[in-house]
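Worksheet: the structure to be examined is printed underneath.
First the proteins, then the strands, lettered A, B, ... as listed; each starts at 1. Computed over heavy atoms, backbone and side chain alike; hydrogens, waters and symmetry mates excluded.
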There are 2 protein chains.
Amino acid sequence: MEAALELAATTRSLASLGLREVARHAGLNPNTFYRHFKDFDDLGVAMLDELGTELRAGLREARMRPAKKGFRLSDFSNPAEGLAQAQALARESVGLVLDFVMDHREAYTVGIRELHGTSPVMRQAMQDLLDGIAVDMTEDLLGVLMLPAVSHEELLAVARVIVRQMVFFSMDYLEQPSRQAEIKREAERFILLLFWGAIAARAPELLSQAKLKFPAI
Amino acid sequence: MEAALELAATTRSLASLGLREVARHAGLNPNTFYRHFKDFDDLGVAMLDELGTELRAGLREARMRPAKKGFRLSDFSNPAEGLAQAQALARESVGLVLDFVMDHREAYTVGIRELHGTSPVMRQAMQDLLDGIAVDMTEDLLGVLMLPAVSHEELLAVARVIVRQMVFFSMDYLEQPSRQAEIKREAERFILLLFWGAIAARAPELLSQAKLKFPAI
DNA sequence: TCAAGAGGTATACAATCGTCGACACGCACA
DNA sequence: TGTGCGTGTCGACGATTGTATACCTCTTGA
């Protein structure tokens, strides 16, 4: 699995790797591959299982961290305070994801490649992972953030959109190191825009009442 | 180029195609490939040029259509009317993109595969195409829609995010035919949420003043 | 008229590929 | 004690790959 990741990270896609190639890079006999995996799909799913659960757990744990620090979002009874804390939460989450992709650059690159790749099995597995992250995010948010009049389903839809958009932001982040600070701001801004929109759609008076300028990020 | 598209559409990625394979499928001698293309990257870029400009032109033309029909968005001096027309424009644009990907299913699938694929050349070309579409969208919107207090740069950032998100919506649309109506609604809703957010961020009083419910889509 | 070149073909070579059958080692368990 | 079984190795097979060299046939333009 390590050998496959290293080989795929440079230029190739997982499915285009040669069985012999991987075995050679791992210092093993080509046939040994069959002892462990049936397919390359099989190998891919195994790798995704490992790294995917690590990512998911890391994200959850990190989202819990502020809650343990006594960081608790208001129920918007004080709109100004609620909005400010929403911004802080968005910033924390974005930083988290971007740090993760920097720490797991190779795995992330290869994984995303499979998201729209050739193997239906891997595509489905990646979509399930992203969806799982969105579900996690929704549940965590519901426990911490009381968005006024925003239902569970609405929140899930927003989370899904955010997760998918972060795929692109993450790619930019990796590919354009000189613009990292700017990209991070763009991502935060995008998330805030969405929540602003969600609130404005349900309780527009809340925003004008708060008389809070949208943060100039 | 046709042969390559047909071969890639089923399962494979462009870069993983064999030179001989494509030539065989096109009824030509393997070496003939070299008469026309240097690389597979070369072939890919040529294909993207053709289909990309077609898509871009199609989108522009279709965005111009409502303007010619006398469809003209207000400057939000009447907020309720402006918001309603913004919704109509969003619906029109979403339908447009989704129709296009249905009509060019193979090309779209292959293209997106290259967006996060192995070849840096193709990746860059695809990113340039998406960015170009976002720029087009921004210019068209500026000519038709006077969003209050939303600057050119802000609009471009929103357009970029929309284009990228439509990549995912389009994939869902192709892969889940039974949910097409629902996915279309989700896409429209996403776009409206963004614009709602952009307006709320700059002129929150406008939304509460309009006393307009967010469309229940 | 004829030379150049674009497009297409045929043959060949060395590599690499996935996979098969057979064999070897070591541990676990009856 | 011995017998599966998981793991790894070896050699070989036919197929396919990218590309090099050489040759053919039109079209074009001076």
#### Entry: Rounded distance (nearest 0.5 Å) linking atom CE of Met166(B) with atom OH of Tyr173(B)
9.5 Å
### Message
Taking the basic N atoms (NZ, or NE/NH1/NH2) and the acidic carboxylate oxygens, is any pair closer than 4.0 Å for Arg179(B) and Glu186(B)?
### Response
yes
### Query
How many Å lie between CZ on Phe37(B) and C1' on dG8(C), as a whole number?
15 Å
### Query
Phosphate oxygens OP1/OP2 of dG8(C): is one of them under 4.0 Å from a side-chain N or O of His36(B)?
yes
### Task
Counting heavy atoms from C-beta on, name the nucleotide in dA22(C), dC23(D), dT19(D) closest to the side chain of Pro30(B).
dT19(D)
### Query
If only atom types and distance count, is the side chain of Arg123(A) paired as donor or acceptor with the main-chain N or O of Glu114(A) below 3.5 Å?
no
### N-O pairing of Arg164(B) and Asp172(A) below 4.0 Å
yes
### Query
Just wondering, more than 12 heavy atoms not from Gln176(A) lying within 6.0 Å of its CD?
yes
### Summary
Separation of dG18(C) atom P from Tyr34(A) atom OH, nearest Å, is 7 Å
### Query
Is any side-chain N of the basic residue among Arg56(A) and Glu61(A) closer than 4.0 Å to the acidic one's carboxylate O?
no
### Query
Can you find a donor-acceptor N/O pair under 3.5 angstrom joining the side chain of Asn31(A) to the base of dG21(C)?
yes
Below 3.5 Å is the cut-off: list the nitrogen or oxygen pairs between protein and nucleotides 14-17 of chain C, distance only.
| residue | atom | partner | partner atom | Å |
| --- | --- | --- | --- | --- |
| dC17(C) | OP2 | Arg24(A) | NH2 | 2.6 |

### Task
Figure out the CG/P separation between Leu28(B) and dA10(C), and round it to whole Å.
11 Å
### Atom-pair distance (CG on Asp41(A); P on dG18(C)), nearest Å
14 Å
#### Entry: Residue Asn29(A), side-chain heavy atoms: nucleotide from dG8(D), dG18(C), dC10(D) that is nearest
dC10(D)
### Query
Taking atom C1' of dC26(D) as reference, at what distance in whole Å does atom CZ of Arg35(B) sit?
13 Å
